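Below is one structure, written out as structure tokens; the observations come after it.
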Amino acid sequence: MAQVPQTFLDALAVRTWCGLALRSLGRAREEIDAINVYPVADGDTGTNLYLTVESASAAVEAVFAGYEQGGPSLADALRAMAHGALIGARGNSGTILAQLLRGMAQVLTVSDVSHVDGILLRTALRRAADAAREAVAHPVEGTVLTVASAAADAADGAEGDCGTVVLAAYEGARAALAATPRQLAVLGRAGVVDAGGRGLVTVLASLVEAVTGEAVPEETYAGSAGAEVCPDAPEHAGEGGPAYEVIYLLEADDAAVARLRERLDALGDSLVVVGGDGLWNVHVHVDDAGAAVEAGIEAGRPHRIRITHFAVGDVHTGGERLPREPAQRAVVAVVPGEGLAGLYADAGATTVLARPGEPPASGELVQALRRAHAREVVLLPNDAELRHTAAAAAEQVRAEGVRVALIPTRSAVQGIAALAVHAPERRFDEDVVQMTSAAGATRYAEVLVAERQSWTTAGICQAGDVLGLIDGDVAVIGPDLTGTAETVLDRMLQAGGELVTLVVGDDAPDAVADRLEARVRESYLAVDTVVYRGGRQGALLLIGVE
């Protein structure tokens, strides 16, 4: 059923826009993924845009659900859309889209109005394009930034209501998209338009339909296959770049973020930092993923950290885009803290961060297995509670033709032991056997604080007691962290051991690691100790004994 045409943008139109954009990106996702050659040919731009808009749409729906009668204000709907996109932004393109939506919201929520007219919408589109360009460390023409600027330019020249403005913006974006292969040589050689720009055109088409009630025909932008490349077009080929994509949300003030930008810009490329008001989404491509995470920790409180190890880049010959060659083998690991995310990534693993109280869902693991882009993948869940979730994810990806081995690691320290013996040059089965054996030979423990009174295998604990769990069962109840940790370590080493691994959380005092290291030196002469900083993790301390 056709929608009733309107000449302004209100809260209901924002909700409709999000729903239409999500549906359209869902249809176009595979096509956009297929033309993704810049900045990295990793075939996920369509998926990243879809997931970003999905988060924005969910946030808007949540605001509407809070009203039994009537609905939210336009400002509330816009803020929800922008915030949802910010916290759910994926990849380079999704991060830029989040900033575009935030830029619009900044203009449209200044005054407490119930709807927006064409004049204000023109201003919002201009602010969106400028904000996105400001967020990118080194803007490149022929990308989504060019398409966004062209949309704003076209809107500036449109006189009339919202319908007239958004239609002009859409047509301007289409024309700019068709020209991207002549601006960026890597696009021209591949015979494709910019994938991020293609996604933005889809989002603008949905805005046209939300405002006017009239759908624009799909796939109506000017094609560019075989387009002639301008001799002066910059190369900017997305090949041979950094090894990792690092993304995280960051709670920090403006001054700290300014310093962070400088540091990350020196570490890698494709740097995009979006957000404000204390919450930021950080995206960068680097060779040293651990350093990128550490920079975030110094700037503030990073969370929802995602680190992806890029596979072999696409090959382009004669203007034809050949399918990207998967890596032979990869490791995907669930990790409980930011510090371990960097450690695992430095070892070549694709990581999924398990936040305290928020274990990853099966879909998140499936996505990580796909991101690894390998023929063979070893999955380390690092949590006994994730066994069934990980098994379901592995089975789904196996059905897609990927060989997946699930090693039932029950702690991150077992995963560290497995990674230490990982050898991609071995046969897959042999590698899995060696990793499984190393993990199984590692006893694990965690030390944490009881939240409430409860029965345990070691007796009754009270809220605030320190618990020492060995191999998943409560073995020690004590009044303080250091004493409890020493007792746990002694019990574990009674059965022998050659290496103690300590993973210290942010909430644990620094002295505890020093005390435990001294304990090992004094009482267990043949045992070595290694200490890692785990960041914000569920347990105060993780202990592994090999």
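Please read all numbers here as calculations on a predicted model, not as lab measurements.
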Full working for side chain to side chain contact (heavy atoms under 4.5 Å, CB included) between E251 and H303: CA-CA 8 Å; E251 298 173 30; H303 51 103; 3.3 Å; yes
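Across all their heavy atoms, A292 and V286 have their closest contact at CB-CG2, 4.1 Å. The two residues A333 and N382 have their closest heavy-atom pair at CB-ND2, 4.2 Å. Looking at every heavy atom in both residues, H285 comes nearest to S270 through ND1-OG, 3.3 Å. Among all heavy-atom pairs drawn from L25 and G199, the shortest one is CD2-O, 4.1 Å. The minimum heavy-atom distance linking A345 with T351 is given by the pair N-CG2, 4.1 Å. Nearest heavy atom pair, residue A155 against residue A169, reads CB-CB, 4.2 Å.
At a cut-off of 3.5 Å, with distance as the only test, no side-chain donor of H283 or T95 sits close to an acceptor on the other residue. Checking D44 against T47 by side-chain atom types alone, no donor-acceptor pair falls below 3.5 Å. Under the 3.5 Å distance criterion, with hydrogens and angles disregarded, no donor-acceptor pair is assigned to the side chains of T45 and N48. In the model, T202 has a side-chain atom that pairs as donor or acceptor with a side-chain atom of R198 under 3.5 Å.
For L22, the side-chain contact (heavy atoms from CB on, under 4.5 Å) partners are Y50, V53, E54, S57, not counting sequence neighbours.
Between the side chain of T180 and the backbone N or O of A176 there is no donor-acceptor pair closer than 3.5 Å. Looking at N281, its side chain never comes within 3.5 Å of a backbone N or O of L249 through a donor-acceptor pair. A donor-acceptor contact shorter than 3.5 Å links the side chain of W280 to the backbone of A252. With hydrogens and angles disregarded, a donor-acceptor distance shorter than 3.5 Å links the side chain of T146 to the backbone of G142. R261 contributes a side-chain N or O that, together with a main-chain N or O of V273, makes up a donor-acceptor pair within less than 3.5 Å.
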Enumerate donor-acceptor pairs with a distance under 3.5 Å from any side-chain N or O in residues 82-93 to protein atoms, sequence neighbours excluded.
unit_1 : atom_1 : unit_2 : atom_2 : d
R90    : NH1    : Q367   : OE1    : 2.5

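With I96 as the fixed residue, the side chain to side chain contact (heavy atoms under 4.5 Å, CB included) test singles out one of L200, L145, V274: L145.
Remark: D156 engages R126 in a salt bridge, criterion side-chain N to carboxylate O under 4.0 Å. Salt bridge status for R370 with E400: present, with a side-chain N to carboxylate O gap under 4.0 Å. Between E298 and R259, none of the side-chain N atoms (NZ, or NE/NH1/NH2) sits under 4.0 Å from a carboxylate O, so this pair counts as no salt bridge. Salt bridge absent: R133 and D130 never bring a charged side-chain N and a carboxylate O closer than 4.0 Å. Electrostatic pairing of R122 and D117 does not count as a salt bridge here, judged by no charged N lying under 4.0 Å from a carboxylate O.
Here the side chains of V332 and L380 are not in contact, with every heavy-atom distance at 4.5 Å or above.
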